[in-house]
Amino acid sequence: MKICIFWHRRDLRIHDNAGLAAALASGLPVVPLFIYDKEILAHLPEKADARLTFIFDEVEQLAQETEAAGGTFLARYGQPLQVLEQLVKDFDVATVHTNEDYEPYATERDTAVAKMLQEHSVGFFLYKDQVVFAKDEILTKSGTVPKVFGAYHKAFIARLTDEMLLPYGSKGDFKKENLHHVSREQAGPRPTLQSMGFERKAQYYPPAKLPAERIVRGYHLTRNTPANEHGTTRESLNLRFGTLSARQVMQQAKALNPKLLAEIIWRDFFMMLLWHFPKTATESYDPKMRHVPYRNNEDEFRAWCEGRTGYPLVDAGMRELNATGYLPNRVRMTVAGFLVKHLFIDWRWGERYFADKLLDYEMANNVGNWQWMAGTGAISAPWFRVYSPESQLAQVDPELEYVKRWVPEVGTSKYPAPIVEHKFGRERAVEAIRAARIAAS
Ligand SMILES: Cc1cc2nc3c(=O)[nH]c(=O)nc-3n(C[C@H](O)[C@H](O)[C@H](O)COP(=O)(O)OP(=O)(O)OC[C@H]3O[C@@H](n4cnc5c(N)ncnc54)[C@H](O)[C@@H]3O)c2cc1C
């Protein structure tokens with residue numbers, strides 16, 4: 001019997017899933033699939049990884065839901081191209097449906113998969129799911145890539161309709177008649193963490209799967225208070241792995257809080273930029289910023305990583321990141337600004353450290369925000385702007401509630417003196433960048 005494979009990637013949900021809804025409506029029985037990508041897993045820094053544990057639990061949940069509905073869920077560990085080619089040989093596959101992914105590795109992978117499937121006369125269908133506007137759907141009036149968030153946001157809001165945020169398909173479509181059931185033998189065993197060479201690490205902060213209305217309504221007032229764990233939605237992990245539809249969160253924000261809507265639009269914006277400029281994953285967008293003589297002092301980098309800089313907000317942030325895999329936005333900005341300006345260390349070092357530690361690590365958002373802080377991006381804070389970590393602290397945590405949670409020794413003799421003096425660090429970075437920009441022009 002001819003079947004349709006639905007390949008889950010960063011959309012680990014059944015409800016409101018554009019590609020899955022299309023697969024279920026295609027008239028062919030659907031077999032959902034997840035591939036644990038060997039190449040991606042090979043780069044994980046530790047054997048016990050909280051992100052992989054999260055993915056594994058969500059995939060198992062999907063498998064159970066599929067079986068409860070009368071279908072079979074396939075899970076494989078390997079190289080996606082090879083896994084799919086093998087499945088095409090093992091089953092009578094007519095089509096493969098999946099959702100678009102805009103990261104450089106993913107677009108290359110999908111190009112190779114499309115070619116292979118075409119050689120086997122299998123249809124390959126991609127859907128927009130993780131963003132509302134993708135690729136070049138929003139351009140400037142002169143047809144160029146928008147590099148000013150204000151203008152992009154304005155165009156986004158002008159075109160955003162309630163219909164665009166309606167869910168795809170309905171829960172009732174995920175039923176026996178639309179799914180394909182195969183024998184246990186043919187389905188093969190699903191990989192376990194152990195079989196892939198990993199261990200469990202349940203470090204992730206509990207995902208809310210749609211923020212409480214109270215948080216959304218008060219978001220603009222509470223978003224910059226790191227001591228308040230309910231000051232922001234904390235949906236970034238769900239949005240990263242698609243355990244929650246971005247449309248659903250946007251719908252809620254559109255109805256209740258324009259500031260939150262604007263923050264979520266940043267996510268679409270950075271994904272659009274990364275798709276247009278894939279090299280910026282590892283290279284400064286601004287050519288004048290590509291030869292900045294960063295100091296890259298390894299001891300100072302280690303002090304930053306471990307939260308031993310003598311700046312309480314920076315240290316609290318890094319310790320929270322190391323312990324939980326999460327960091328509130330304002331603190332992400334403070335620690336990033338401190339690394340690239342005061343310590344004058346290459347933004348890519350910080351970007352990589354965040355990539356290893358953040359549970360919600362999202363290449364587009366991470367690279368976009370790091371380049372913003374370093375003043376190197378397509379869209380950036382001015383390169384000469386240097387935020388004082390002390391004034392940041394006074395603004396966001398004046399009672400030291402957040403700081404004392406993570407740095408209990410602050411104010412005692414056990415706490416180190418500042419690793420660099422603010423004014424000295426600022427001038428050192430600004431002068432060196434100014435000279436590098438003049439040399440490059
Ligand atoms: C240096 C630095 C690195 C960052 N790295 C990441 C990352 O790897 N992954 C990531 O998801 N976010 C990243 N951000 C953006 C932001 O800090 C997080 O999205 C946010 O803190 C997550 O918490 P939340 O879900 O409670 O956010 P909320 O404030 O509740 O926002 C809701 C959602 O909007 C989106 N969003 C909010 N702020 C931003 C922003 N500045 N840029 C892009 N999207 C945003 C996120 O998807 C977020 O989940 C980074 C920010 C900085 C300054």
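Sequence positions, counted from 1, serve as the residue numbers for this chain. As the structure lists them, so they are numbered: ligands from 1, and atoms in each ligand from 1.
Remark: R223 engages E263 in a salt bridge, criterion side-chain N to carboxylate O under 4.0 Å. Between D49 and R51 there is a salt bridge, since a side-chain N of the basic residue sits under 4.0 Å from a carboxylate O of the acidic one.
Neither side chain, Y361 nor D356, offers a donor N or O lying under 3.5 Å from an acceptor on the other. Judged by distance alone, the side chains of K147 and Y285 do bring a donor and an acceptor atom under 3.5 Å apart. Between the side chains of D315 and T309, at least one donor-acceptor pair of N or O atoms lies under 3.5 Å.
Of all atoms in ligand 1, numbered sequentially from 1 with element shown, those under 4.0 Å from a heavy atom of L358 are 5 (N), 7 (C), 8 (O). Counting atoms of ligand 1 from 1 in the listed order, those under 4.0 Å from a heavy atom of R267 are 43 (C), 44 (N), 47 (O). For ligand 1, the atoms sitting less than 4.0 Å from at least one non-hydrogen atom of F270 are 42 (N), 43 (C), numbered in the order shown with element in parentheses. Interface of A336 with ligand 1, defined as ligand atoms under 4.0 Å from a residue heavy atom, comprises 1 (C). Heavy-atom contacts of W370 reach the following atoms of ligand 1: 1 (C) (cutoff under 4.0 Å). Atoms of ligand 1 found under 4.0 Å from any heavy atom of S236, numbered from 1 in the order shown, are 11 (O), 22 (C), 23 (O), 25 (O), 49 (O). Annotation for ligand 1: atoms under 4.0 Å from non-hydrogen atoms of Y361 are 8 (O). Ligand-side atoms of ligand 1 in range of Y219: 28 (P), 29 (O), 30 (O), 31 (O), range being under 4.0 angstrom from any heavy atom.
Residue E235 holds the heavy atom nearest to atom 25 (O) of ligand 1 of all those in K259, M250, E235. For atom 9 (N) of ligand 1, the candidate residues are T334, N257, D360; the nearest heavy-atom contact is made by D360. Of the listed residues (N365, N369, N224), the one carrying the non-hydrogen atom nearest atom 12 (N) of ligand 1 is N365. Residue nearest to atom 5 (N) of ligand 1, selected from V367, N366, T222: N366 (by heavy-atom distance). With distances taken over non-hydrogen atoms, the option nearest atom 48 (C) of ligand 1 out of L339, L239, T232 is L239.
Each of Y168, F6, Y127 was compared with H97 under the ring-ring contact (aromatic ring centres under 6.0 Å, His included) criterion, and only Y127 meets it. With Q371 as the fixed residue, the side-chain hydrogen bond (donor to acceptor under 3.5 Å, both in side chains) test singles out one of T280, N366, T376, D286: T376.
Proximity of Y326 to ligand 1 is established by a heavy-atom distance of less than 4.0 Å. Residue contacts with ligand 1 include M333, since one or more of its heavy atoms lies under 4.0 Å from the ligand. Residue contacts with ligand 1 do not include W372, since none of its heavy atoms lies under 4.0 Å from the ligand. Ligand 1 has R234 within reach: a non-hydrogen atom of the residue lies less than 4.0 Å from it.
Considering both main-chain and side-chain atoms, T233 comes within under 3.5 Å of ligand 1 through a nitrogen or oxygen pair.
Counting heavy atoms of neighbouring residues, nucleotides and ligands inside a 6.0 Å radius, atom NZ of K38 does not exceed 12 of them.
Rounding to the nearest 0.5 Å places CG of D268 at 9.0 Å from CE of M272.
Heavy-atom minimum distance, P167 versus H15: CB-CE1, 4.1 Å. Nearest heavy atom pair, residue P382 against residue K341, reads O-NZ, 4.2 Å.
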